[in-house]
Amino acid sequence: MKTLSPSRQALNYTALTVVTVFMLLPFVWVFFGSFKTQAEFLGNPGAWFPESFQIDNYIQLFADREFGTYMMNSFVVSGVAIVGNVLFSAMAGYALAKLRFRGKNFVFPLVIISMIVPYVALFVPQFVVVVQMGLVNSLVAIILPVLILPLCVFIMRQFAHGVPFELMEAARLDGAGEGRLFFRIFLPLTGPGLATVAILSFLTSWNNFLWPLVVAQSQDTYTAPVGLSVASQASNTISFGLLLAGAVVVLLPILILFLFLQKYFIQGVATAGLK
Amino acid sequence: MSTTATRTMVTSGASTRRRPGGTRKMREGSRAETTTAWLFLSPFLALFLLFTAIPAILAIGASLTDMTARDIRDPLGVNFTGFEGFAKIIANPGFQGAFFNTIMFVVLCVPISMGLGLALALMLNNGIRRLKTFFRAAVYIPVITNIVAAAVIWQYAFSITGPVNSTLGDLGIGEPNWLGQPGWAVTTVVLMGVWRTTGTCMILFLAGLQAVPEEIYEAAATDGAGTWRRLWSITLPLLRPTTLLITVLMTVSFLNIFEEPYLLTKGGPLGSTKSIAVWVYEQFGFGNVSASMAGSVLLLLLVGIVAIVQFRLLRPKH
């Protein structure tokens with residue numbers, strides 16, 4: 001397997017390049033499209049490249065107060081989701097992997113069950129619950145279901161297994177309390193786990209669509225994806241370039257993070273395969 | 001490279017690791033430990049109760065009633081109708097269509113995504129020397145992409161006068177109405193579904209491939225086994241657990257397909273791309289809450305049955 005003939009390698013490179021081009025083509029097109037004027041879209045809709053690079057779409061997008069609100073909502077939701085997931089899933093993962101208590105064998109299956117249950121099948125009754133709690137049309141309702149992802153609990157439990165028991169027993173003998181064990185011994189040793197959880201919860205909350213679509217009922221609670229989808233459905237009135245610029249702006253935070261933190265993305269989503 | 005960690009996560013997902021010391025010792029914790037444990041688990045448990053347990057019970061309960069949108073604020077005013085709701089939706093051509101479309105998406109997307117993912121993983125694993133990270137990232141980016149943004153792009157790219165058709169037209173191939181004709185709309189949804197999931201399959205297959213010991217190949221090569229022979233007799237059998245895991249994941253994820261058909265075509269034209277999830281969302285929008293809940297419960301059952309059947313196959317044979 002070590003010795004690959006140059007011709008076979010060339011064949012593989014060709015195949016990979018072809019697939020890669022198709023995977024990336026939509027991004028190339030949206031990038032160029034976002035610099036086109038409405039007149040260009042109407043005149044020659046199928047053109048790949050803009051006649052002249054106009055940044056008007058972006059200027060207009062950010063001058064639009066509503067889109068600013070949507071983006072702000074998305075950032076708030078994702079920010080809170082990251083903090084919640086990192087803290088709560090570390091706590092839960094630590095309890096499940098490192099603490100001895102009755103009922104552990106009851107709680108862990110709940111984590112697995114909630115990982116498997118498809119949210120598509122639960123969003124309608126979830127909506128009823130949120131209405132009953134008086135939370136409908138609020139950012140709180142959008143955040144709650146992604147505040148602790150069961151998958152993150154699962155990941156933290158896996159990482160917690162890597163922390164040696166001896167270390168904790170030694171600290172216990174030295175008289176460290178339970179809180180101290182968690183914050184001073186456990187957390188510093190699970191950095192990569194926390195990073196994976198942070199990325200995964202960002203990705204999930206930023207890309208969440210169906211739930212905010214159901215719960216956000218007025219424009220001031222729309223997240224960016226909901227705003228984008230509503231705008232695209234009213235597309236006879238809106239400019240195409242503006243929509244594509246909006247799509248670029250929604251994609252950008254993920255792509256930038258991905259460039260720097262590829263490792264954690266792949267780790268997180270390899271586990272998210274369990275979704 | 002994160003593949004080592006990835007592999008640990010993937011394999012440990014299938015078989016729960018036991019801590020040395022055994023289960024008996026696990027039960028004896030100090031009082032402080034027990035209190036801390038429940039305290040630390042309480043946020044998870046609270047949200048499990050609110051967003052999984054109660055909704056699941058509610059869905060089953062409401063699917064047996066005549067609940068409408070008006071009853072959401074006052075759910076106690078509904079009438080019990082038993083399995084009538086289920087009988088009704090099972091007899092409903094709209095739901096039947098959604099059911100068959102969903103199966104069709106599974107049957108079309110799962111093999112294509114997995115085949116492509118496997119081929120890419122094999123090429124990346126030992127078919128090339130350079131640029132591995134680049135190709136892996138490029139195939140993977142659609143997985144993490146925001147689906148709404150992606151759908152906006154696909155909608156315009158595949159519109160009748162869009163760049164896809166103008167390119168096809170220049171090549172003289174023809175300019176299909178991608179989103180406006182049933183057959184082409186299904187094709188577009190399948191293409192987008194495959195585009196979005198190939199990366200996941202590739203990553204999971206890569207993790208599986210890293211677990212195959214290099215020595216086996218070397219031994220086989222010494223015995224004169226060619227590339228295809230090694231693939232067929234060594235790689236694929238050793239990848240069997242990975243393959244089955246990915247099959248379950250992909251099947252479940254396509255049984256739940258919502259965003260692609262909803263955002264691209266709203267389930268149309270003529271209901272040709274309407275999945276069960278889109279149907280459930282639609283009924284909810286119409287105010288037919290009990291029908292929507294019955295649809296959810298059937299989807300849940302379908303996913304459960306398929307997952308259990310596939311897990312039986314997945315379980316390693318002793």
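All figures in this text were calculated on a predicted structure; none of them were measured in a lab. Reminder, nothing fancy here: chain letters follow the sequence lines and each chain counts from 1.
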J.: Using the ring of each side chain (for Trp, its six-membered ring), is Tyr222(A) parallel, tilted or perpendicular to Tyr70(A), with breaks at 30° and 60°?
T.: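 Plane angle between 30° and 60°, so tilted.
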J.: Evaluate the criterion side chain to side chain donor-acceptor pair (under 3.5 Å) for residue pair Glu175(B) and Asn165(B); output intermediate values, then yes/no.
T.: CA-CA 5 Å; Glu175(B) 304 183 19; Asn165(B) 271 357; 4.8 Å; no
J.: If we define contacts as heavy-atom pairs under 4.5 Å, which of Phe88(A), Phe258(A), Tyr13(A) has the most with chain B?
T.: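 The residue among Phe88(A), Phe258(A), Tyr13(A) with the greatest pair count is Tyr13(A).
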J.: Taking Val250(A), Val117(A), Ile113(A), Leu255(A) one by one, which has the highest count of heavy-atom pairs under 4.5 Å against chain B?
T.: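 The option with the most such pairs is Val250(A).
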J.: Given heavy-atom pairs under 4.5 angstrom as the criterion, report whether the side chain, backbone, both or neither of Thr17(A) touches chain B.
T.: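 Looking at Thr17(A), backbone and side chain both touch chain B.
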J.: Any donor-acceptor pair under 3.5 Å linking the side chain of Lys36(A) with the backbone of Ala47(A)?
T.: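 Yes, the answer is positive, given that a donor and an acceptor are paired below the 3.5 Å cut-off.
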J.: Side chain, backbone, both or neither: which part of Val111(A) has a non-hydrogen atom closer than 4.5 Å to chain B?
T.: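 Backbone plus side chain of Val111(A), per the 4.5 Å heavy-atom cut-off to chain B.
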J.: Do the two ring centres, one from Phe265(A) and one from Tyr140(B), sit under 6.0 Å apart?
T.: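 Ring centroids of Phe265(A) and Tyr140(B) are no less than 6.0 Å from each other.
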J.: Please classify the contact of Val139(B) with chain A as side chain, backbone, both or neither, using a heavy-atom distance under 4.5 Å.
T.: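 Its backbone and side chain both get close to chain A.
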J.: Select one option (side chain, backbone, both, neither) describing which atoms of Phe51(B) are under 4.5 Å from chain A's heavy atoms.
T.: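 Its backbone and side chain both get close to chain A.
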J.: Which answer fits Leu203(A), side chain, backbone, both or neither, if we ask what part of it has an atom under 4.5 Å from a heavy atom of chain B?
T.: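 Just its side chain gets close to chain B.
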J.: Under 30°, 30 to 60°, or over 60°: which ring-plane class applies to Phe284(B) and Tyr281(B), parallel, tilted or perpendicular?
T.: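 Phe284(B) vs Tyr281(B) ring planes: tilted.
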J.: Among the options Phe127(A), Tyr94(A), Phe22(A), Trp206(A), pick out the one with the most heavy-atom pairs lying under 4.5 Å from chain B.
T.: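 If we count pairs closer than 4.5 Å to chain B, Phe127(A) comes out on top.
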J.: Between Gln132(A) and Arg73(B), does a side chain to side chain donor-acceptor pair (under 3.5 Å) hold up when you go through it step by step?
T.: CA-CA 6 Å; Gln132(A) 289 297 318; Arg73(B) 276 170 209 284; over 6 Å; no
J.: Can you tell me which of Val153(A), Leu144(A), Leu244(A) forms the most heavy-atom pairs within a distance under 4.5 Å of chain B?
T.: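 Winner by heavy-atom pair count: Leu144(A).
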J.: Check the pair Thr167(B), Trp48(A) against side chain to side chain donor-acceptor pair (under 3.5 Å), reporting the backbone distance first and the verdict last.
T.: CA-CA 9 Å; Thr167(B) 308; Trp48(A) 278 87; 2.8 Å; yes
J.: At a 4.5 Å cut-off on heavy atoms, which part of Val214(A) comes close to chain B: side chain, backbone, both, or neither?
T.: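 Just its side chain gets close to chain B.
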J.: Calculate, to the nearest 0.5 Å, the distance between atoms CH2 and CG belonging to Trp154(B) and Leu264(B) respectively.
T.: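 Result: 8.0 Å between the selected atoms.
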J.: Quick one: does NZ or CZ of Lys98(A) land under 6.0 Å from the six-membered ring centre of Phe165(A), within 45 degrees of the ring axis?
T.: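 Yes, Lys98(A) sits over the ring of Phe165(A).
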J.: Let me know if Gln283(B) has heavy atoms under 4.5 Å from chain A in its side chain, its backbone, both or neither.
T.: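 No part of it gets close to chain A.
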J.: Go through the atoms of Ala62(B) and report whether side chain, backbone, both or neither lie under 4.5 Å from a heavy atom of chain A.
T.: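 Looking at Ala62(B), nothing touches chain A.
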J.: Is Asp170(B) close to chain A through its backbone or its side chain, or both, or neither, when contacts mean heavy atoms under 4.5 Å?
T.: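 It is neither, since no heavy atom gets under 4.5 Å.
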J.: What orientation do Phe154(A) and Phe108(A) show, parallel under 30°, tilted 30 to 60°, or perpendicular over 60°?
T.: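 Parallel.
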J.: Between chain B and each of Leu181(A), Val248(A), Val131(A), count heavy-atom pairs under 4.5 Å; write down the option with the most.
T.: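 Max contact count across the listed options: Val131(A).
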J.: Using non-hydrogen atoms and a 4.5 Å limit, figure out which bit of Val19(A) sits close to chain B: side chain, backbone, both or neither.
T.: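 Side chain only.
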J.: So which part of Thr198(B) gets closer than 4.5 Å to some heavy atom of chain A, the side chain, the backbone, both or neither?
T.: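 Just the side chain, heavy atoms under 4.5 Å.
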J.: For Val143(B), is it the side chain, the backbone, both or neither that has a heavy atom under 4.5 Å from a heavy atom of chain A?
T.: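 The answer is the side chain of Val143(B).
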J.: I'd like to verify something: which residue of Asn44(A), Asn208(A), Ile112(A), Leu213(A) has the highest number of heavy-atom pairs under 4.5 Å with chain B?
T.: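 The option with the most such pairs is Leu213(A).
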J.: Heavy-atom cut-off 4.5 Å, strictly under: side chain, backbone, both or neither for Val226(A) against chain B?
T.: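 When you check distances to chain B, no heavy atom of Val226(A) falls under 4.5 Å.
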J.: Please state whether the side chain, the backbone, both or neither of Leu299(B) comes within less than 4.5 Å of a heavy atom of chain A.
T.: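 Looking at Leu299(B), just its side chain touches chain A.
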